[in-house]
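Just so it is clear, the model here is predicted, and its values are computed rather than measured. Atoms considered below: every heavy atom in the structure, side chains included; atoms not considered: hydrogens, waters and symmetry mates.
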Amino acid sequence: MLTAVLALPFIGLFFFRIYENQLVHQTEAELIAQSVVLAAVIRQDFESNLPTEAVLGAQAPAEPASDEPFRPILPRLDLTRDGMLGRRPEAQPAPAPASAAFRAAGERLSPLLAETQRVTLAGFRLLDPQGVVIAGREETGLSLAHVEEVATALSGRFTTTLRQRVSKNAPPPLYSLSRGTSIRIFAATPIILRGHVAGVLYASRTPSNVFRHLYEERGKVVLAGLSVAALTLLIGLAFHRTITRPVHELIARTVAIGHGDRAAMRPLRNHGTAEFAKLSQSFLDMAGNLNNRSDFIATFAAHVSHELKSPLTSIEGAAELLRDDIAGEGRAMSDEERRRFLGNIITDTHRLTAITNRLRELARAESTPTGGATSLSPAIATLQRDVPELAIRAEGDLDGLIRISAENLRIILSHLADNALRHGATELAIVAAVEADRLHLTISDNGSGVSPNNRARIFDSFFTTRRDSGGTGMGLAIVRAMLDAHSGSIELLDPEAGAAFKLAFQRAVEGEIHG
């Protein structure tokens, strides 16, 4: 990209047709001005010196009526639009020589044309009404009436044209890139006397060359080149600081994090731009979340294996004892002992079933669909029907919509009710209050509450104080995962008696889908 920026001025040398066209316009305008002035001088000479019986040419076309005092002749040639004619045809012998009056006029005016050509570098030829050259450095006495632009001027109309130029000397190699070195501009101006064409001033000149102009302005060109180089350097430094260096640093951090280096999860030393700072921070946040998720999975797997190991070990031990009893090895068991061991197996099997069910519920909570909206009233009515052991009292904004489906809200409330029952509660109070775009739900019971030592671990998976009564320690973990999935939250309060939780839900607006 920087190379392209640096190369633009050099590539632009091959696309300077607009500048060449401007040089053509400039040269054409100069020829028009010089020809008009010389034509006026020549016409005055003809008026003063040509005899009245001198034979003139074609009648000049009438000028259109206009109130405008000025009738400028503007440059009209265009390198990109006008076709370029071939090299100007060679002069031919005149069918008849010019009259003595016109030859004398040519001799009088030749010094004027020569002096003008010496200063302007344009070529001038003066032709009589039949197209015979009567003044000029070359071709005097020959006819140019067969040349297209001369024939137009002999009919009384001014014209300019582009023709191919063939130089006697080959141009330098660099000049060959310019089209302006291979063309010549011709201007044919009729000299009108007494309403007739008395002659033609035929002028020509090669436009200035682009490269010669660049050489003449070499100081400015060098300054422009240095400015482009300096600008390119500044752009390169800016890109390096704002893009390249932060990208390389982020790549290095990615590799380090991929190899387990957690120290690499820190902000970059240089962010370059605000957008790249957001991008890098988003990446580091994602990497941190993935690492936390990995830690959670590892810890969760250890908890699961520990929770499953105890009932499985108990089942295995009881089964081995029953097998040995059937085989007659060792002391024979009484019927009461066999029933006790079989009861232990059934109890542990129920515990395994409960754990697997809660694991399934936890997985569902963490990947639950978050669509739908509902209100608290129907969910509380269902809870009162399903848990008759609890006296449930609800108050507050129970009919406001919240962003959660009815089924997911039922799961959350049922787990909290089950948790209250397992801790000896007989009453459950639900209070709903709206704050801005959130609905806060306070749920409290009159059970045994949470001891200060257990408050920090209450939401941990598999943590329970009622394992002997079938508790799995996953109810509150499921509730928190479900609320997190719906951009909600739960926190443990510190009431004087029993346990109390504060839940937060996002409020929904009318028109959202109920679920």
Task: Non-hydrogen side-chain atoms of Leu413 and Ile443 separated by less than 4.5 Å - done: yes
Task: Check: His25 side chain, Leu77 main-chain N or O, donor-acceptor pair, under 3.5 Å - done: yes
- [ ] Could you tell me which non-hydrogen atom of Ser110 sits nearest to which non-hydrogen atom of Gly106, and how far apart they are?
- [x] OG-O, 2.7 Å
Open item on the list: Let me confirm one number: the CD1-OG1 distance from Ile32 to Thr189, rounded to the nearest 0.5 Å.
Closed with: 8.5 Å
TODO: Walk me through it: do Phe186 and Leu85 pass the test side chain to side chain contact (heavy atoms under 4.5 Å, CB included)?
DONE: CA-CA 11 Å; Phe186 290 83; Leu85 302 178; over 6 Å; no
Task: Rounded distance (nearest 0.5 Å) linking atom OG1 of Thr160 with atom CZ of Arg76 - done: 4.0 Å
- [ ] Please report the shortest heavy-atom distance between Ala153 and Pro190, naming the atom on each side.
- [x] O-CB, 3.3 Å
Open item on the list: Let me confirm one number: the CZ-OG1 distance from Phe124 to Thr116, rounded to the nearest 0.5 Å.
Closed with: 6.0 Å
- [ ] Apply the test side chain to side chain contact (heavy atoms under 4.5 Å, CB included) to residues Val200 and Asp128: give CA-CA distance (whole Å), side-chain angles for both, the deciding distance (0.1 Å), then the verdict.
- [x] CA-CA 7 Å; Val200 171; Asp128 73 354; over 6 Å; no
Task: Gap between atom CZ of Arg103 and atom CD1 of Ile134 - 0.5 Å precision - done: 10.5 Å
Task: Flag for Ser204-Arg184: side-chain donor and acceptor within less than 3.5 Å - done: yes
- [ ] Kindly give the heavy-atom pair with the smallest separation between Leu144 and Leu127, and that separation in Å.
- [x] CB-CD2, 3.9 Å
TODO: Hey, could you give me the CD1/CG distance between Ile42 and Leu112, rounded to the nearest 0.5 Å?
DONE: 6.5 Å
TODO: Examine the side chains of Glu149 and Thr161 and answer whether a donor and an acceptor come within less than 3.5 Å of each other.
DONE: no
Open item on the list: With a 6.0 Å cut-off (strictly less than), is the heavy-atom count around CD of Gln506, excluding the residue itself, greater than 12?
Closed with: yes
Open item on the list: Can you confirm whether more than 12 heavy atoms, excluding those of Arg137, are under 6.0 Å from its CZ atom?
Closed with: no
TODO: Return the minimal non-hydrogen interatomic distance between Ala198 and Phe102, and the atom names on each side.
DONE: O-CE2, 3.2 Å
TODO: Measure across Leu439 and Ala432 and return the closest heavy-atom pair with its distance rounded to 0.1 Å.
DONE: CD2-CB, 4.3 Å
Task: Heavy-atom closest pair, residues Pro93 and Leu142 - done: CA-CD2, 4.1 Å
Task: Residues Asp399 and Ser375: side-chain donor-acceptor under 3.5 angstrom - done: no
TODO: Report yes if some heavy atom in the side chain of Leu376 is under 4.5 Å from a heavy atom in the side chain of Leu409; otherwise report no.
DONE: yes
- [ ] Determine, stepwise, if the pair Val431 / Glu395 fulfils side chain to side chain contact (heavy atoms under 4.5 Å, CB included).
- [x] CA-CA 5 Å; Val431 179; Glu395 61 184 38; 3.8 Å; yes
TODO: Show the numbers, then the answer: is there a side chain to side chain contact (heavy atoms under 4.5 Å, CB included) between Leu492 and Phe501?
DONE: CA-CA 5 Å; Leu492 176 64; Phe501 297 90; 3.6 Å; yes
Task: Non-hydrogen side-chain atoms of Ile183 and Pro207 separated by less than 4.5 Å - done: yes
Open item on the list: Donor-acceptor pair, distance only, cut-off 3.5 Å: does the side chain of His146 make one with the backbone of Ala151?
Closed with: no
Task: Inter-residue atom distance His486.NE2 - Ile404.CD1, 0.5 Å rounding - done: 4.0 Å
TODO: Give a yes or no on whether the backbone of Ile402 and the side-chain of Arg507 come within a donor-acceptor separation of less than 3.5 Å.
DONE: no
TODO: May I ask you to test the Tyr202-Arg88 pair for a side-chain heavy-atom distance under 4.5 Å?
DONE: yes
